[in-house]
Structure formats: C-alpha cells, structure tokens
S.K.: 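Submitted below is the structure of interest, expressed as structure tokens.
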Amino acid sequence: MTQTVRAPSCTPTLPPDLSPVRKDPHVLDARIAAVLPAMDAPFFQAGLAGYSDAAMRLLARRHGCPLCVTEALLDRLLLDGGKGLLKADLHHLARTVPDGAADHPIVGQIIGTQPDSMAAAAGILVDFGYDVIDVNLACPVKKIARKCRGGHFLANPQDAIAVLDAVRRAVPPEIPTSVKLRRGSDDSDESVDHFDTIFNTAYDLGYAWTTVHGRTVSQKYNGPSNWMFLRRLVERHPDKLVFGSGDVWSAHDIFKMIAMTGVQAVSVARGCIGNPWVFRQARELMAGRDPQPPTLTEQRRVLEDHFELCLAEHGPRMAGRLMRKFGIMFSRHHPTPDTVKQQFINVTNPDDWRRVLDDHYNPDSTVSNQSSGS
Ligand SMILES: Cc1cc2nc3c(=O)[nH]c(=O)nc-3n(C[C@H](O)[C@H](O)[C@H](O)COP(=O)(O)O)c2cc1C
C-alpha cells in the first residue's frame with residue numbers, strides 16, 4: 001500500500017482574488033474541543049501508509065501535533081492476528097517504544113471491503129484503546145481499488161453506507177468515528193452525486209467529521225487539490241465538521257486552507273514526512289510568532305530520536321530501510337540538501353546512517369548551524 005512521495009509540486013486551485021471565509025484561522029472551532037477535548041489546535045498528522053508509524057507519530061507530538069492518524073490498517077490483517085495486529089496494538093507499542101504510552105489521542109484508520117469484517121476490525125481498535133475510529137473510503141492505489149477497498153467505495157455509495165453503518169454500530173457511542181474521503185471518484189456528475197450521498201449519510205449515521213482530500217480517486221496524486229471544492233462544501237454544510245486535505249506543504253498552508261476554505265481542521269500529509277517541525281511552526285503561528293526553521297542541531301537530534309524510536313518499533317533490519325526513506329525527506333532541511341540526500345540514498349545499515357549524521361549533521365563542522373528553511 002506504500003505510495004511514492006514526490007517533492008511538493010502542486011499549488012491548490014483557488015482564484016487569485018478570492019477573499020478568505022475565515023478571518024481567524026488560528027482559532028480552534030469550539031465544536032472540535034466538544035468532540036475531542038485533547039485536540040487543542042486545528043491540524044493533525046494524516047494517515048500515511050508506510051510512514052505514519054508510532055515513531056513518526058511520537059515525533060510529531062513532541063513538536064506540537066495534537067492528533068495523529070495511523071496508516072490505513074487492513075481489516076483482514078487485524079482479524080488474522082500476527083504482525084498486522086501487533087503493529088496496531090497500542091499496548092504492545094506502549095511497552096516496546098520509548099514514550100509509546102504518549103501516543104494519544106490517536107485515530108485508528110481501517111480499510112477493507114466487507115461491512116462485517118470492517119466492523120470487527122473497528123472493535124479490535126476500540127479494545128486497543130484508540131480514541132477515534134476512522135474509515136478509509138479514499139485510497140486511490142490500484143491494488144486497493146481492485147479489491148473493492150478505499151476509494152472504490154466512492155463509486156459505490158450503497159456499499160459505502162453499509163460499511164459506515166456497520167462500523168458505527170460496532171463502536172461504542174462515546175468513541176467518535178470519522179471518514180476519510182476524496183472529493184469523488186472522478187469529475188463526472190454521477191461522482192458528485194455519490195460523494196454527496198456518502199458525505200451526508202456519514203453525519204446522519206453519527207460520524208463526527210469527514211476529512212476530505214480535494215483530489216479525485218482517478219486523479220491519484222496528479223494535479224492540484226481542489227480547495228474550491230472544499231470551500232463550497234463547507235459553505236453548503238456550515239453545521240458539519242469538515243477537515244481538509246491536499247497540498248499542505250507548510251505551516252502557513254495549514255492556516256491558508258482554513259482561511260480560504262473554512263474547513264475546521266487540516267490534515268498534514270506529505271508536508272510532514274521528514275518535517276515534524278511543521279507542527280512546531282504551526283504552533284508558533286498560533287502564538288503570533290514567525291515560524292522558525294530547524295537548526296542543524298535540532299535536525300540531528302530529531303534524526304537520532306527518530307532512529308531510536310524506529311529501532312525500538314521495527315528492529316534493526318527494517319529500521320535501516322525505513323530510516324533511509326525518511327532520511328531522504330529530512331535532507332530537504334539541510335544547507336546542502338542534494339549531497340545529504342545522496343548520502344541517505346546510499347544508507348544500507350545503521351552504521352551508514354550514523355556516518356551521515358557525523359559527516360553532515362555536526363554543528364561544529366564547517367557547515368553553519370542553520371537550515372536551508374522548510
Ligand atoms: C505515501 C502516502 C501514503 C498515504 N497513506 C494514507 C493512508 O494510509 N490513509 C489515508 O487516509 N491517507 C493516506 N494518504 C493520503 C494523505 O493522507 C493525504 O490525504 C494526501 O497525501 C493529500 O495530502 P497532501 O497533498 O498534503 O500530501 C497517503 C498519501 C501518501 C502520499
């Protein structure tokens with residue numbers, strides 16, 4: 001299910017002379033606190049298959065992220081037990097990962113095909129102590145759609161509703177549920193109708209919010225996220241909590257999305273891979289300060305912490321592979337990003353990894369202790 005992450009290349013679609021719909025984007029909508037009191041800021045770390053594990057979530061939290069989503073957890077893997085279950089087991093993670101018990105509030109996201117197995121998987125996540133259960137009706141990966149999961153449901157509203165109904169019934173009323181959507185399966189009129197049906201029914205069934213990615217399923221990650229779609233959606237549904245996703249690359253983008261579309265919270269996805277500082281910077285903006293790029297010392301500390309967490313969660317072999325791809329993303333903040341990226345690409349084991357840190361993240365070396373910005 002892992003998807004390739006490319007460098008930011010898109011800007012969201014908005015007419016240049018459009019005026020904001022929210023004048024106070026840094027102020028949290030009171031309805032969010034009513035649903036999830038621990039969420040004290042209008043942004044969260046998205047579900048990111050192959051990335052948003054406990055290590056990445058804990059780092060995000062240390063930098064001020066108030067809520068994190070797991071990667072999409074396949075219902076069958078949860079039900080079959082084994083590794084798929086273990087990686088979702090918050091009790092296990094609390095025992096094995098340093099500070100793992102701090103991984104709250106957390107949204108457990110399920111993906112699957114059949115209402116009954118999705119419902120059973122949701123029950124497992126509830127028993128593990130997840131604070132919110134999210135249903136993925138958005139994933140555009142071909143392999144997933146072929147198995148009638150994720151974004152497939154946006155073209156099949158009655159099946160989507162059956163899943164949403166079964167999951168909501170399986171989750172105790174005091175635990176909120178949410179849905180991840182894209183703005184449609186494609187740009188057809190039929191797709192717009194299907195989206196509206198699923199969107200409205202989710203709230204009727206008792207879902208607390210939807211997170212809407214402003215791309216269609218057929219668009220995958222090509223082209224911009226349609227923020228005008230989000231704006232019109234919120235305009236039509238001022239009574240509903242709608243969170244936005246798509247083309248959020250910086251802390252400024254978080255508040256720009258809220259101001260220009262009216263969504264009440266923003267999902268930070270590719271913009272936070274190798275960039276936990278985006279959450280600290282968002283907090284700085286909320287406090288009326290300029291967002292500060294990470295110094296080289298901070299970058300080194302986070303790289304070391306991430307490696308330690310990753311090692312505890314996945315063991316040395318997997319940690320080496322994972323940290324290579326994270327390192328590539330972290331290198332964007334380094335004053336000589338291309339050189340450092342190449343060094344991370346060549347990493348095959350923990351010793352290689354430490355060598356990159358010693359060679360390029362030593363604040364006392366010739367490279368100045370400042371960042372190239374983020
Ligand atoms: C590598 C990758 C993995 C993703 N995995 C998930 C996932 O497991 N669950 C989910 O809801 N969205 C997933 N997404 C979608 C993101 O959460 C987000 O909606 C999308 O990337 C758009 O936001 P962006 O343009 O700001 O990155 C994934 C995206 C990427 C690039």
Side-chain angles (χ1 to χ4, degrees), residues 1-13 43-54 56-57 60 65 67-75 77-78 84 87-88 106-112 121 125 130 132-145 149-154 177-184 209-217 219-227 229-230 242-258 261 263 265-275 278-279 282 322 325-326 328-329 374:
M1 207 188 306
T2 304
Q3 296 147 59
T4 314
V5 174
R6 295 195 189 86
S9 59
C10 294
T11 45
T13 46
F43 49 83
F44 59 99
Q45 182 172 277
L48 287 159
Y51 291 92
S52 59
D53 56 7
M56 184 176 170
R57 297 193 300 262
C65 180
L67 179 73
C68 294
V69 185
T70 64
E71 65 179 335
L73 302 164
L74 187 59
D75 58 351
L77 291 182
L78 292 172
K87 78 172 179 185
I106 180 165
V107 181
Q109 186 184 76
I110 44 170
I111 191 164
L125 296 188
Y130 282 85
V132 179
I133 305 299
D134 186 75
V135 179
N136 184 315
L137 303 183
C139 182
V141 173
K142 234 190 232 158
K143 183 170 84 178
I144 299 287
R149 298 172 181 147
H152 156 87
F153 282 106
L154 290 178
T177 49
S178 58
V179 197
K180 176 71 183 291
L181 300 167
R182 283 186 170 231
R183 69 176 169 86
W209 70 80
T210 58
T211 300
V212 183
H213 178 184
R215 293 186 176 87
T216 63
V217 175
Q219 207 183 332
K220 296 194 170 70
Y221 291 89
N222 301 318
S225 172
N226 190 335
W227 286 20
F229 177 89
L230 298 178
V242 181
F243 297 170
S245 168
D247 290 334
V248 177
W249 302 108
S250 68
H252 285 293
D253 287 345
I254 292 172
F255 300 105
K256 185 175 167 196
M257 181 186 258
I258 296 173
T261 70
V263 295
V266 170
S267 160
V268 187
R270 288 173 292 177
C272 68
I273 300 177
N275 184 22
V278 69
F279 299 113
L322 279 169
K325 70 179 182 182
F326 274 109
I328 291 166
M329 301 302 282
S374 58

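Note that these values count all heavy atoms, side chains included, but never hydrogens, waters or copies made by symmetry. In listed order, ligands and their atoms are each counted from 1.
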S.K.: Any N or O of Arg270 that comes nearer than 3.5 Å to an N or O of ligand 1?
M.R.: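 So ligand 1 has an N or O lying under 3.5 Å from an N or O of Arg270.
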S.K.: Below 4.0 angstrom from a heavy atom of Asn136, which ligand 1 atoms are there? Numbered from 1 as shown, please.
M.R.: 9 (N), 10 (C), 11 (O)
S.K.: Side-chain contact test, heavy atoms from C-beta onward, threshold under 4.5 Å: evaluate it for Leu74 versus Arg149 and give yes or no.
M.R.: yes
S.K.: Just by distance, do the side chain of Tyr51 and the backbone of Ala269 share a donor-acceptor pair under 3.5 Å?
M.R.: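 Flag not set: sc Tyr51 to bb Ala269 has no pair under 3.5 Å.
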S.K.: Side chains of Met257 and Asp247: does their closest heavy-atom pair fall under 4.5 Å?
M.R.: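 Heavy-atom side-chain distance check fails, nothing below 4.5 Å.
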S.K.: Lys180 to ligand 1: N or O pair under 3.5 Å?
M.R.: yes
S.K.: Could you tell me whether Ala49 and ligand 1 have an N or O pair separated by under 3.5 Å?
M.R.: yes
S.K.: For ligand 1, which is the ligand I care about here, please tell me if Arg215 has any N or O atom under 3.5 Å from one of the ligand's N or O atoms.
M.R.: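 In this structure, Arg215 places an N or O atom under 3.5 Å from an N or O of ligand 1.
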S.K.: Do any N or O atoms from the side chain of Gln219 and from the backbone of Pro224 form a donor-acceptor pair under 3.5 angstrom?
M.R.: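 Yes.
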S.K.: Looking only at distance, does Asp247 have an N or O less than 3.5 Å from an N or O of ligand 1?
M.R.: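 By distance alone, the answer is yes.
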S.K.: In ligand 1, which numbered atoms sit nearer than 4.0 Å to a non-hydrogen atom of Ala46?
M.R.: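 By the 4.0 Å cutoff, the relevant atoms are 17 (O).
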S.K.: Under a 3.5 Å distance rule, please check whether Thr210 uses its side chain to pair with a backbone N or O of Val212 as donor and acceptor.
M.R.: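 Side chain of Thr210 to backbone of Val212: no pair is present.
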S.K.: So, is the end of the Arg182 side chain (NZ or CZ) under 6.0 Å from the ring centre of Tyr221 and within 45° of the ring's axis?
M.R.: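 Geometry flag: set, cation within 6.0 Å and 45°.
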S.K.: Can you find an N/O atom of Ala72 closer than 3.5 Å to an N/O atom of ligand 1?
M.R.: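 N/O-N/O distance under 3.5 Å: yes.
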S.K.: Report the part of Thr211 in contact with ligand 1, treating N, CA, C, O as backbone and CB onward as side chain, heavy atoms under 4.0 Å; options are side chain, backbone, both, neither.
M.R.: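 It is neither part, as no heavy atom is under 4.0 Å.
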S.K.: What orientation do Phe44 and Phe243 show, parallel under 30°, tilted 30 to 60°, or perpendicular over 60°?
M.R.: tilted
S.K.: Show the atoms of ligand 1 that are less than 4.0 angstrom away from any heavy atom in Glu71.
M.R.: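 Reading through ligand 1 atom by atom, the close ones are 8 (O).
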S.K.: Quick check against the 3.5 Å criterion: does Arg57 have a side-chain atom that pairs as donor or acceptor with the backbone of Ser52?
M.R.: yes
S.K.: Can you check whether Gly47 has an N/O within less than 3.5 Å of an N/O in ligand 1?
M.R.: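 It does: an N or O of Gly47 is found under 3.5 Å from an N or O of ligand 1.
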S.K.: Tell me whether Thr70 contacts the main-chain N or O of Gln109 through its side chain, where contact means a donor paired with an acceptor under 3.5 Å.
M.R.: yes
S.K.: Is the shortest distance from a heavy atom of Ser225 to ligand 1 less than 4.0 Å?
M.R.: no
S.K.: Does an N or O from Gln109, backbone or side chain, lie closer than 3.5 Å to an N or O of ligand 1?
M.R.: yes
S.K.: Please confirm whether Arg182 comes under 4.0 Å of ligand 1, counting heavy atoms of the residue only.
M.R.: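 False for this residue.
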S.K.: Just which atoms of ligand 1 are under 4.0 Å from any heavy atom in Val248?
M.R.: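 What qualifies from ligand 1 is 26 (O).
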S.K.: Within the side chain of Glu71, is there an N or O that forms a donor-acceptor pair under 3.5 Å with the backbone of Gly50?
M.R.: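 Flag set: sc Glu71 to bb Gly50 pair under 3.5 Å.
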